Amino acid sequence: MLEIERKFLVTSAAFKEVAQKATRITQGYLSTDPERTVRVRIKGEKGFLTIKGKSNDSGTTRVEVEEEIAVDKAQTLLSLCLPGVIDKTRYEYTAGNHTWEIDEFYGDNEGLTIAEIELNAEEEDFTTPEWVGSEVTGDNKYYNSQLSENPFKNW
């Protein structure tokens with residue numbers, strides 16, 4: 001399955017006023033190899049194991065395979081992850097036919113908020129909310145796998 005997404009910095013907390021959902025997420029990485037990242041995530045009350053391939057040149061498209069796993073298995077796998085577990089709240093906001101996912105980071109990434117939108121095609125049009133700022137699609141330092149290794153506090 002291909003994932004096509006674009007990432008943007010968030011300019012204000014105004015998204016919290018319009019968000020329809022908020023979920024706490026803890027995630028770690030078993031591999032941060034750019035050719036294939038392996039992520040373990042606990043999202044709310046569910047566990048997930050995700051493998052992502054290398055992004056294309058624009059940074060918008062890559063293979064992603066995700067499976068739900070039992071939370072106790074996810075907790076066990078998190079204990080095996082590389083240092084730098086990510087802690088964040090994901091807010092969801094629907095605009096038109098798209099859902100924006102806005103991640104507000106904590107811990108070593110406190111102060112960083114990123115909005116992502118998944119698309120059906122790289123050039124697909126979408127509505128941009130007023131709190132969406134500069135695009136950072138393809139900038140590796142904003143990938144969660146890289147934030148686990150080089151957190152925002154170190155920039």
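One-based numbering along the sequence shown. Because the structure is predicted, anything quoted here is derived from the model rather than measured.
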Exercise. Are a donor atom and an acceptor atom from the side chains of Tyr143 and Thr32 found within less than 3.5 Å of each other?
Worked result: no

Problem set entry | Hphob cluster co-occupancy, Leu30 + Phe48, side-chain heavy atoms under 4.5 angstrom | no

Exercise. Can a donor-acceptor pair be found between the side chains of Asp33 and Ser31 at a distance below 3.5 Å?
Worked result: no

Exercise. Can you list the steps and then say if Leu147 with Leu112 is a side chain to side chain contact (heavy atoms under 4.5 Å, CB included)?
Worked result: CA-CA 10 Å; Leu147 290 171; Leu112 180 62; 3.7 Å; yes

For this session: Following the transitive rule for hydrophobic clusters with a side-chain heavy-atom cut-off under 4.5 Å over Ile, Leu, Val, Met, Phe, Trp and Tyr, establish whether Val40 and Val38 coincide in one cluster.
Result: yes

Exercise. With the threshold set at 4.0 Å, does a side-chain nitrogen-carboxylate oxygen contact exist between Glu104 and Lys16?
Worked result: yes

Exercise. Is it true that Glu116 and Arg6 make a salt bridge, defined as a side-chain N closer than 4.0 Å to a carboxylate O?
Worked result: no

For this session: Using atom types as modelled and distance alone, determine if a side-chain donor or acceptor of Gln20 lies under 3.5 Å from a backbone N or O of Thr94.
Result: yes

For this session: Could you walk me through whether Glu135 and Lys7 pass side chain to side chain contact (heavy atoms under 4.5 Å, CB included), step by step?
Result: CA-CA 6 Å; Glu135 185 166 7; Lys7 292 179 181 256; over 6 Å; no

Problem set entry | Over 12 non-hydrogen atoms of neighbours within 6.0 angstrom of CG in Asn140 | yes

Problem set entry | Over 12 non-hydrogen atoms of neighbours within 6.0 angstrom of CG in Asp72 | yes

For this session: Let me know which of Glu35, Glu3, Glu64 forms a salt bridge (charged side-chain N to carboxylate O under 4.0 Å, His left out) with Lys54.
Result: Glu35

Exercise. Would you say Asp57 has more than 12 foreign heavy atoms packed within less than 6.0 Å of its CG?
Worked result: no

Exercise. Would you say the side chains of Thr60 and Glu122 form a donor-acceptor pair under 3.5 Å?
Worked result: yes

Exercise. Is the Tyr91-Phe15 ring centre distance short of 6.0 angstrom?
Worked result: yes

Exercise. Below 4.5 Å, heavy atoms only, C-beta onward: do Ile25 and Ile42 meet side chain to side chain?
Worked result: no

Problem set entry | Minimum side-chain heavy-atom gap Glu124-His98 below 4.5 Å | yes

Exercise. Picking from Asn144, Asn109, Thr26, what satisfies side-chain hydrogen bond (donor to acceptor under 3.5 Å, both in side chains) with Lys88?
Worked result: Asn144

For this session: Answer with yes or no whether the hydrophobic clustering places Ile102 together with Leu119; edges join I, L, V, M, F, W, Y residues whose side-chain heavy atoms lie under 4.5 Å apart.
Result: yes

Seminar exercise, completed: Looking only at heavy atoms, the pair that brings Gly84 and Ser148 closest together is O-CB, 2.9 Å

Exercise. Do Asn120 and Ile4 come close enough that some side-chain heavy atom pair is under 4.5 Å?
Worked result: no

Exercise. Where do Tyr29 and Ser145 land on the side chain to side chain contact (heavy atoms under 4.5 Å, CB included) test, with the steps shown first?
Worked result: CA-CA 7 Å; Tyr29 289 86; Ser145 60; 3.7 Å; yes

Exercise. Is Trp100 reachable from Val18 through a run of I, L, V, M, F, W or Y residues, each pair having side-chain heavy atoms under 4.5 Å apart?
Worked result: yes

For this session: Please report the shortest heavy-atom distance between Ala22 and Thr89, naming the atom on each side.
Result: CB-CG2, 4.0 Å

For this session: State whether a side-chain donor-acceptor pair under 3.5 Å links Tyr142 with Thr137.
Result: no

Exercise. Should Ile51 and Leu80 be counted in the same cluster of Ile, Leu, Val, Met, Phe, Trp and Tyr side chains packed under 4.5 Å apart?
Worked result: yes

Problem set entry | Candidate pair Trp131 and Phe8, rule ring-ring contact (aromatic ring centres under 6.0 Å, His included), full reasoning | CA-CA 10 Å; Trp131 37 263; Phe8 300 82; 10.0 Å; no

Problem set entry | Geometric cation-pi criterion Arg24 and Phe105, 6.0 Å radius, 45° cone | no

